[in-house]
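All values derive from a computational prediction rather than experimental measurement. We're numbering straight along the sequence, starting at 1.
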Amino acid sequence: MTRLQDPDPNDIPEDVARFLADFPPDPMFKMLTHSPSTVRPFIGLAQALYTSLELPVRARELAILTVAEGVRCDFVFTQHVPLSRNAGVDDATRELIKNGDHTHPALSKHDRAVIQLAAEVVAGPRVSDEVFAAAGEFLSARELVELLHVCGYYWTFCRLCTALDVQLTQMYAQLQGADGWTGES
């Protein structure tokens, strides 16, 4: 059960309600409206992460899955199974991420570099020089900063989901069962 009740629709400012009307219904968006002043910037950053980055989509999705696994967020991991599939991330790579096997030799050097960087960002305040250098072999300075933005945004999104115990929607729950992700590591 979600820890907070959905906000009363009458308490959502009209401009925020109009803004959200352009999006499909989502339980997380409802939770975000408890803080009306941050809804637009938070969703605006998400839109930028999907429309304005030079970071390759595959790298973005690898990072998101790694962050979701690292903080044990079923909602985000499940939501990104089909998105990552569309970005070219295969089931075997998702399974390695789900199992926390970030150095497996089956991963390409590129994927390993992105996954390890995202995993270290989640695990602590600093990223090792070796992991940062490995990611720098594949990503420009701009792409590295964008990858850090992706990790930070999704860490926050995941923590909102886990701290508030936001439940998967029926669509996401069906994806969860179809792909075998249980969120348990």
Glu14 atom CD: more than 12 heavy-atom contacts under 6.0 Å: no
Using the rule that two of Ile, Leu, Val, Met, Phe, Trp, Tyr join whenever any of their side-chain heavy atoms come within less than 4.5 Å, decide whether Phe132 and Val145 are in one cluster. no
For residues 42-68, the salt bridge (Lys or Arg N to Asp or Glu O under 4.0 Å) pairs (sequence neighbours left out) are Glu54-Arg142, Arg58-Asp111
Any residue meeting side chain to side chain contact (heavy atoms under 4.5 Å, CB included) with Asp22, in chain and number order, not counting sequence neighbours: none
State, to 0.1 Å, how close Thr33 and Pro7 come at their nearest heavy-atom pair, and which atoms those are. OG1-CG, 2.9 Å
Thr93 and Leu65, any side-chain heavy atoms less than 4.5 Å apart: no
Please table the atom pairs, donor to acceptor, closer than 3.5 Å between any side-chain atom in residues 37-46 and protein atoms at least two apart or in another chain.
from	atom 1	to	atom 2	distance (Å)
Thr38	OG1	Ser35	O	3.0
Thr38	OG1	Ser35	OG	2.8
Arg40	NH2	Asp15	O	3.0

To the nearest 0.5 Å, tell me how far Leu55 CG sits from Ser140 OG. 8.5 Å
With sequence neighbours excluded, tell me which residues meet ring pair (Phe, Tyr, Trp, His ring centres under 6.0 Å) with His110. Phe138
Go through the structure and list residues passing side chain to side chain contact (heavy atoms under 4.5 Å, CB included) with Ala134, not counting sequence neighbours. Ala113
Shortest non-hydrogen separation from Val16 to Pro36 and the atoms involved: CG2-O, 3.8 Å
Go through the steps to decide whether Gln79 and Phe157 satisfy the test side-chain contact (heavy atoms from CB on, under 4.5 Å), and finish with yes or no. CA-CA 12 Å; Gln79 195 177 38; Phe157 193 93; 4.1 Å; yes
If we only count heavy atoms from C-beta on, is the Glu146 to Ser52 side-chain gap below 4.5 Å? no
For His34, does the NE2 atom sit with more than 12 other heavy atoms under 6.0 Å from it, leaving out its own atoms? yes
May I ask you to decide if Phe75's main-chain N or O and Thr78's side chain share a donor-acceptor pair within less than 3.5 Å? no
Salt-bridge test for Arg85 and Asp90: reply yes if a basic N is under 4.0 Å from a carboxylate O, no otherwise. no
Considering only heavy atoms from C-beta outward, does the side chain of Ile97 approach that of Phe77 to under 4.5 Å? yes
Which residues pass the side-chain hydrogen bond (donor to acceptor under 3.5 Å, both in side chains) test with Asn10, not counting sequence neighbours? Asp8
Does the side chain of Ile64 come within less than 4.5 Å of Val76's, by heavy atoms? yes
Worked check of side-chain contact (heavy atoms from CB on, under 4.5 Å) between Leu20 and Leu32: CA-CA 10 Å; Leu20 291 176; Leu32 292 175; over 6 Å; no
Residues in side chain to side chain contact (heavy atoms under 4.5 Å, CB included) with Asn86, at least two apart? none
Say whether, by atom type as modelled, one donor and one acceptor occur between the side chain of Asn99 and the main chain of Glu95 under 3.5 angstrom. yes
What heavy-atom pair brings Asp6 and Met31 nearest, and what distance separates the two atoms? OD1-CE, 3.2 Å
Restricting to pairs with a member in residues 116-131, which pass salt bridge (Lys or Arg N to Asp or Glu O under 4.0 Å), not counting sequence neighbours? none
Are a donor atom and an acceptor atom from the side chains of Arg72 and Thr162 found within less than 3.5 Å of each other? no
Using the test ring pair (Phe, Tyr, Trp, His ring centres under 6.0 Å), find all partners of Phe29 that sit at least two apart in sequence or belong to another chain. Phe23
Contact summary for Ala63 and Val114, nearest pair of heavy atoms: N-CG1, 4.2 Å
Could you tell me which non-hydrogen atom of Leu96 sits nearest to which non-hydrogen atom of Ala106, and how far apart they are? CD1-CB, 4.4 Å
Of all heavy-atom pairs between Ala163 and Arg3, which one has the smallest distance, and what is that distance? O-NH1, 2.9 Å
Could you walk me through whether Leu148 and Leu144 pass side-chain contact (heavy atoms from CB on, under 4.5 Å), step by step? CA-CA 6 Å; Leu148 293 171; Leu144 284 165; 5.6 Å; no
Same cluster or not: Leu139 versus Val57, using hydrophobic residues (I, L, V, M, F, W, Y) connected whenever any side-chain heavy atoms lie under 4.5 Å apart? no
Sequence-distant partners of Tyr50, ring pair (Phe, Tyr, Trp, His ring centres under 6.0 Å), two or more places apart: none
Applying side-chain hydrogen bond (donor to acceptor under 3.5 Å, both in side chains) to Asp165 and not counting sequence neighbours gives Gln167
Distance-only donor-acceptor check, side chains Arg159 and Thr156, under 3.5 Å: no
With His102, which residues qualify under side chain to side chain contact (heavy atoms under 4.5 Å, CB included), at least two apart? Thr66, Glu69, Ile115, Gln116, Ala119
